[in-house]
Amino acid sequence: MRIVLVIDQFDDSNNGTTITAQRYAASLRQRGHEVRVVAVGAPKKDKYPVRKRYIPIVSRVAKWQGMCFAQPDDAVLQDAFEGADIVHFFVPFKLCRRGEEIARQMHIPTIAAFHMQPENVSYNIGLGRSGWVNKCLYRYLYRHFYNRFEHIHCPSQFIADQLAAHHYDAQLHVISNGVADVFRPTPVPRPAWAQDKFVILMVGRLSPEKRQDLIIKAVKKSKYRDRIQLVFAGKGPKRRWYTCLGRSLPHPPRFVFCTQQELLALFGTTDLYIHASDAEIEGISCMEAFASGLVPVISDAPMSATHQYALDERSLFRAGSADSLAEKIDYWIEHPQQRAQMGPQYAALGDTLRVSACVQRAEAMYQQAIADFRDHGYRPRPRRGLRRLLTPNIAQHKGFTHSATRHFGVGLFQKIISPLVGLWNYLFYGFHIHGRQYLRDVPAGAVVICNHVHPMDCTMVPYAVFPHTVSFMAMRDNFRIPLIGYLIRALGAVPLPEHPSGMPAYFRTAKACLEKGEWIVCFAEGILYPYCTRLRAFHPGGFLMASMAQVPVVPIAITFRPRRGLFRLLGRKPLMELHILPPSHPPQQRRGYMQWKEEVHAQMAQCIERENRRHGC
């Protein structure tokens with residue numbers, strides 16, 4: 001399979017979601033799949049980089065957490081998705097939201113993962129224990145992202161139960177993020193700083209919900225605090241506070257940030273692992289620790305899934321209680337033989353959670369998502385709240401209809417608005433038309449084939465073919481743009497069916513309209529690629545439609561030229577020219593429409609290349 005992973009951050013191994021994506025990519029490649037990654041960072045093989053996105057205040061807080069956000073780039077997303085079998089989105093941020101829209105337009109199956117627990121946000125704004133805030137965050141994530149998917153990957157049964165409780169109605173696949181094979185019991189020489197000390201470790205961001213402060217308080221209450229050396233592996237906004245809090249300990253905490261090899265050595269040095277987090281979807285750092293043979297002590301916090309891995313009560317403490325944690329620490333210090341017995345048992349538990357086994361289950365999840373997409377298509381995106389008022393309802397739209405009333409209304413609107421929009425396009429885009437004389441050679445219906453390179457090109461084509469009234473083949477998502485959706489519909493756009501099963505009826509009604517003399521515009525490239533100076537591959541739908549009705553195709557190529565003179569005062573983007581090319585007539589046999597498509601594509605590509613050379617674009 002060709003699998004695309006979309007995630008804001010992929011190169012830096014400083015959070016569980018990024019580490020999971022890295023391991024999934026490596027394991028899937030080892031199993032023979034082609035894996036592409038869209039993320040921030042430097043370009044690499046099968047990696048499609050995008051720019052960082054800056055959000056005032058939020059980006060600075062995220063940087064303290066070792067995270068960053070990505071700015072969507074339609075061109076990069078389209079290149080990455082080309083020929084993909086499925087796209088896997090990891091986080092519900094802007095890159096993934098736009099990526100889902102692009103994948104939907106390209107008719108590629110999609111799946112989402114739920115790695116960002118709302119409590120991770122609420123704790124960092126001081127409202128982690130507020131139930132209504134977390135409930136609102138769950139609903140927000142559903143309404144703005146997860147309601148688009150039929151399949152959601154959940155790293156633990158805990159988070160799957162949380163999603164079900166908050167009315168997420170997709171199919172939930174519980175598949176662990178998994179532990180890498182390198183994390184196994186490995187004895188290492190004890191460094192000088194750990195000699196004659198009982199080393200306690202926690203790995204994770206230094207943030208409020210991880211509760212490193214509770215570990216420091218528990219060590220202060222321990223009978224053996226003179227022997228204990230705390231180590232915190234991670235970075236985050238609370239480091240300065242934890243440094244101050246730990247100064248009164250006989251051995252102040254050590255703060256480190258490790259590579260994977262350094263972390264393996266640290267696990268070999270550690271005597272006891274503590275996972276004190278109040279909110280955790282799975283707890284991959286704890287899984288890595290016990291897979292390396294360490295005995296964990298885990299918080300039984302209700303919003304954390306990690307306590308599911310405790311083999312008995314000795315590895316659990318009451319959430320938020322420093323006294324309970326101190327009691328468990330003292331127990332394991334006093335019973336080294338039992339600690340030595342439990343270490344191999346926890347390592348055996350880690351062996352059941354290896355990434356290789358988890359990736360096999362992920363493959364089955366991908367195959368099921370692909371099969372469901374072929375049978376049922378995409379989930380319709382609901383219209384709610386203000387968007388319901390600002391966008392037209394096209395759920396019951398029946399496609400092309402040869403209605404005299406509709407034809408009159410659309411025609412009147414186009415004839416009124418086309419001169420006004422034509423003036424706007426000239427002033428701001430230097431819009432100019434070439435080859436209008438070729439329209440005289442088309443006495444009746446026709447299919448207009450145009451490249452899709454600007455948001456306003458849907459207004460330029462009706463102006464160019466005036467006084468003909470045109471209808472547009474349009475993606476349904478275009479109608480969901482607030483206010484613009486009504487304009488698109490008024491201009492004569494007709495939404496494509498949600499599912500391929502609706503295409504035959506769509507083409508039959510389009511054929512009837514063409515035979516009665518109407519004009520239909522098809523942006524054969526499919527997806528808008530702003531200011532693209534090359535012609536992309538065509539979808540065959542417009543040519544099949546013209547072949548069925550035996551009407552000609554009118555090729556229209558939009559090109560660009562540099563701004564000069566007064567036009568420089570009105571913008572920086574290049575100016576636009578529209579070239580109407582000689583009509584191309586259909587082959588006698590309907591099966592020849594694919595070759596016809598290539599001939600028209602070559603004709604338009606030649607025009608675009610010629611104009612690019614002339615203007616130096």
Side-chain angles (χ1 to χ4, degrees), residues 14-16 19 61-67 117 119-126 128-129 193-194 197-222 224-225 228-258 262-263 266-267 269-290 294-301 303-307 310 315-330 332:
N14 54 9
N15 64 82
I19 293 170
V61 174
K63 187 177 181 180
W64 291 342
Q65 304 281 356
M67 297 171 59
Q117 192 175 4
E119 284 79 5
N120 296 141
V121 177
S122 59
Y123 265 90
N124 281 279
I125 59 175
R129 301 183 187 279
W193 61 265
K197 296 186 181 70
F198 188 86
V199 179
I200 295 177
L201 171 67
M202 181 173 175
V203 180
R205 292 191 313 275
L206 306 178
S207 56
E209 76 276 14
K210 300 299 182 182
R211 297 307 308 272
Q212 286 91 346
D213 62 313
L214 191 67
I215 302 176
I216 296 173
K217 294 173 183 176
V219 171
K220 289 181 179 180
K221 296 185 176 186
S222 171
Y224 304 98
R225 57 183 173 273
I228 295 173
Q229 174 65 65
L230 280 179
V231 181
F232 296 124
K235 58 184 179 180
K238 302 291 285 186
R239 174 168 178 168
R240 183 176 297 179
W241 166 242
Y242 292 156
T243 301
C244 294
L245 190 63
R247 281 176 181 167
S248 59
L249 288 173
H251 304 289
R254 295 174 62 90
F255 296 90
V256 297
F257 186 75
C258 305
E262 292 169 341
L263 185 60
L266 188 57
F267 282 154
T269 303
T270 299
D271 298 297
L272 186 69
Y273 185 86
I274 296 180
H275 199 80
S277 181
D278 281 347
E280 199 77 72
I281 285 183
E282 187 176 26
I284 192 168
S285 58
C286 183
M287 294 162 59
E288 292 170 346
F290 66 68
L294 293 179
V295 174
V297 178
I298 306 169
S299 168
D300 65 357
M303 288 295 106
S304 173
T306 316
H307 59 75
S315 288
L316 286 176
F317 73 93
R318 290 194 310 277
S321 173
D323 292 328
S324 176
L325 178 55
E327 180 183 339
K328 301 297 180 180
I329 291 172
D330 290 348
W332 288 113

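- Legend: residues meeting side-chain contact (heavy atoms from CB on, under 4.5 Å) with Thr270, ordered by chain and number and at least two apart, are Val199, Leu201, Leu266, Leu294.
- Residues passing the side-chain hydrogen bond (donor to acceptor under 3.5 Å, both in side chains) test with Asp271, sequence neighbours excluded: Arg190.
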Side-chain donor-acceptor contacts of residues 239-246 below 3.5 Å, not counting sequence neighbours, with atom names and distances?
from	atom 1	to	atom 2	distance (Å)
Thr243	OG1	Arg239	O	2.8

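- Annotation: salt bridge (Lys or Arg N to Asp or Glu O under 4.0 Å) contacts of Asp323 (sequence neighbours excluded): Lys221.
- Residues passing the salt bridge (Lys or Arg N to Asp or Glu O under 4.0 Å) test with Lys217 are Asp213, sequence neighbours excluded.
- No side-chain heavy atom of Pro252 sits under 4.5 Å from any side-chain heavy atom of Arg247.
- Legend: residues meeting side-chain hydrogen bond (donor to acceptor under 3.5 Å, both in side chains) with Ser222, ordered by chain and number and at least two apart, are Asp330.
- For the pair Lys235 and Arg205, the minimum side-chain heavy-atom distance is 4.5 Å or more.
- For the side-chain contact (heavy atoms from CB on, under 4.5 Å) test, residues two or more places apart in sequence or in another chain that qualify with Glu262 are Cys258, Thr259.
- Of all heavy-atom pairs between Ala218 and Ala322, the closest is CB-O, 3.5 Å.
- Side-chain contact between Ile274 and Leu214 is absent, with no heavy atoms from C-beta onward closer than 4.5 Å.
- Under the side-chain hydrogen bond (donor to acceptor under 3.5 Å, both in side chains) criterion, Gln212 pairs with no residue, sequence neighbours left out.
- You'll find the side chain of Leu325 reaches within 4.5 Å of the side chain of Val297, heavy atoms only.
- The closest side-chain heavy-atom distance from Leu230 to Phe232 is below 4.5 Å.
- Ser207 and Lys238 are not linked by any side-chain donor-acceptor pair at a separation below 3.5 angstrom, with hydrogens and angles left out of the test.
- Applying the side-chain contact (heavy atoms from CB on, under 4.5 Å) test to Ser324 and every residue at least two apart in sequence or in another chain returns Phe317, Arg318, Ser321.
- Side-chain contact check for Glu280 and His275: at least one donor-acceptor pair (N or O, by modelled atom type) lies under 3.5 Å.
- Counting heavy atoms from C-beta outward, Ile200 and Val231 have side chains that stay 4.5 Å or more apart.
- Among residues two or more places apart in sequence or in another chain, the side-chain contact (heavy atoms from CB on, under 4.5 Å) test is passed with Ala301 by Asp278, Ser299, Ser304, Ala319.
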Open item on the list: What verdict does the side chain to side chain contact (heavy atoms under 4.5 Å, CB included) test give for Ile215 and Met202, after you've listed the backbone C-alpha separation in whole Å, the side-chain angles of each residue and the deciding distance to 0.1 Å?
Closed with: CA-CA 9 Å; Ile215 302 176; Met202 181 173 175; 3.4 Å; yes

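- Counting heavy atoms from C-beta on, the side chains of Tyr273 and Val203 come closer than 4.5 Å.
- Formation of a donor-acceptor pair under 3.5 Å by the Gln229 side chain with backbone atoms of Ala194 is not found in this model.
- With contacts defined as side-chain heavy-atom distances shorter than 4.5 Å, the pair Trp332/Ser315 qualifies.
- Applying the salt bridge (Lys or Arg N to Asp or Glu O under 4.0 Å) rule to Glu288 yields the partners Arg23; only residues at least two apart in sequence or on another chain are considered.
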